[in-house]
Amino acid sequence: EPFKSQIDWKRWQIFFVDERNVALESDDSNYKALHDQLLQHVDIDLSQVHTINRTMLRVQDVAKEYQDQISAVFGVSAADPEVLPAFDLILLGMGEDGHTASLFPNHALLKERSVWIASIEDSP
């Protein structure tokens, strides 16, 4: 409590890395973990919390739509490989096998250069 009232939550935009393609209410959802541990305790408008769109059937479409959300918020185009969104803070975890952001050691996805957000269906 001593710090949450000192943060200007209106200036925050929250995005997720390594989100699973599950319902936001699922115990496997990173959104749910953040909601339960932080969001429900602070004064942030949920329109500033950008989640994946689970209404789409193909994970590739989910990834593309999330990339479009980032593009819109930052005002940059994913079509221009020279311009990237500039995040102020990124928090990442690390899996037991050393992976982060669904980037697994020796996986073909590590060579992806055409999109900001890539889907993965064959994670080890």
Side-chain angles (χ1 to χ4, degrees):
E1 169 52 45
F3 298 107
K4 76 178 184 180
S5 60
Q6 296 176 30
I7 296 173
D8 185 0
W9 294 104
K10 290 179 178 63
R11 299 184 66 193
W12 284 57
Q13 297 290 328
I14 297 176
F15 296 90
F16 294 86
V17 175
D18 200 15
E19 180 62 292
R20 295 166 186 90
N21 194 25
V22 298
L24 297 179
E25 303 79 25
S26 168
D27 287 339
D28 291 329
S29 167
N30 292 327
Y31 168 83
K32 182 180 185 305
L34 183 69
H35 177 271
D36 293 352
Q37 297 299 314
L38 175 69
L39 299 177
Q40 71 178 352
H41 303 288
V42 298
D43 187 25
I44 189 168
D45 189 313
L46 292 183
S47 68
Q48 295 164 235
V49 180
H50 304 275
T51 61
I52 62 171
N53 182 344
R54 289 274 299 125
T55 63
M56 299 175 175
L57 298 178
R58 295 177 348 115
V59 292
Q60 297 86 348
D61 295 334
V62 173
K64 171 72 170 84
E65 194 278 335
Y66 202 61
Q67 179 174 284
D68 291 346
Q69 283 188 55
I70 292 172
S71 231
V73 170
F74 284 92
V76 296
S77 172
D80 183 351
E82 300 298 316
V83 180
L84 297 171
F87 294 90
D88 292 322
L89 174 67
I90 298 176
L91 301 174
L92 298 172
M94 183 175 291
E96 292 178 11
D97 60 358
H99 88 274
T100 190
S102 291
L103 299 172
F104 294 91
N106 304 313
H107 193 280
L109 194 59
L110 293 172
K111 296 178 181 162
E112 174 59 58
R113 299 287 185 267
S114 64
V115 295
W116 298 337
I117 310 296
S119 61
I120 184 169
E121 296 181 86
D122 63 342
S123 59

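Positions are given from 1 along the sequence.
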Residues two or more places apart in sequence or in another chain: which of them pass side-chain hydrogen bond (donor to acceptor under 3.5 Å, both in side chains) with Q67?
none

Roughly how far, to the nearest 0.5 Å, is CD of E112 from CD1 of I120?
11.5 Å

Counting only heavy atoms from other residues, nucleotides and ligands, does the tally under 6.0 Å from CG of L110 exceed 12?
yes

Distance-only, no hydrogens or angles: does the E19 side chain make a donor-acceptor pair with backbone N or O of T51 under 3.5 Å?
no

Can you tell me how far apart CG (L39) and CG (L34) are? Round to the nearest 0.5 Å.
4.0 Å

Residues at least two apart in sequence or cross-chain that pass ring pair (Phe, Tyr, Trp, His ring centres under 6.0 Å) with H41, listed by chain then number, are none

With a cut-off of 6.0 Å (strictly less than), are more than 12 heavy atoms of other residues, nucleotides or ligands near CG of D8?
yes

Applying a strict under-4.5 Å side-chain criterion to I, L, V, M, F, W and Y, I'd like to know whether I117 and V83 cluster together.
yes

May I ask you to check whether over 12 heavy atoms, not counting those of Q37, lie within 6.0 Å of atom CD?
no

Nearest heavy-atom approach of Q48 to W9 is NE2-O, 2.7 Å

If you define the side chain from C-beta out and look only at heavy atoms, does anything of K32 sit under 4.5 Å from D36?
yes

For residues A23 and R54, report the shortest heavy-atom separation together with the two atoms involved.
N-NE, 3.3 Å

Is a side-chain donor or acceptor of E65 paired with a backbone partner of D61 at a separation under 3.5 angstrom?
no

When rounded to the nearest 0.5 angstrom, what distance separates CG in D28 from CG in N21?
11.5 Å

To the nearest 0.5 Å, tell me how far I52 CD1 sits from H50 NE2.
14.5 Å

Hydrophobic clustering (ILVMFWY, side-chain heavy atoms < 4.5 Å, transitive) - are V62 and I14 grouped together?
yes

Going hydrophobic residue to hydrophobic residue with side-chain gaps under 4.5 angstrom, can you get from V42 over to Y31?
yes

K10 and D45 ion-paired at < 4.0 Å
no

Common cluster, V17/L24, ILVMFWY with side-chain heavy-atom separation under 4.5 Å
yes

Counting N and O atoms only, with roles assigned by atom type, does the side chain of R20 sit under 3.5 Å from a partner on the main chain of N30, one being a donor and the other an acceptor?
no

Which atom names give the shortest non-hydrogen contact between D18 and A101, and what distance separates them?
CB-CA, 3.8 Å

Rounded to the nearest 0.5 Å, what separates atom CD1 in I90 from atom OG1 in T100?
10.0 Å

Ignoring hydrogens and geometry, is there a side-chain-to-backbone donor-acceptor pair from W116 to Y66 under 3.5 Å?
no

Rounded to the nearest 0.5 angstrom, the CZ-CD distance for F15 and Q69 is 7.0 Å

Establish whether M94 and L109 are linked, either directly or via other cluster members, by ILVMFWY side-chain heavy-atom contacts under 4.5 Å.
no

Could you tell me which non-hydrogen atom of A63 sits nearest to which non-hydrogen atom of A118, and how far apart they are?
CB-C, 4.2 Å

Write down the atom of S71, the atom of A78, and the distance for their closest heavy-atom approach.
OG-N, 3.5 Å

For a ring-ring contact (aromatic ring centres under 6.0 Å, His included) with F87, tell me which candidate from F74, W12, F16 qualifies.
F74

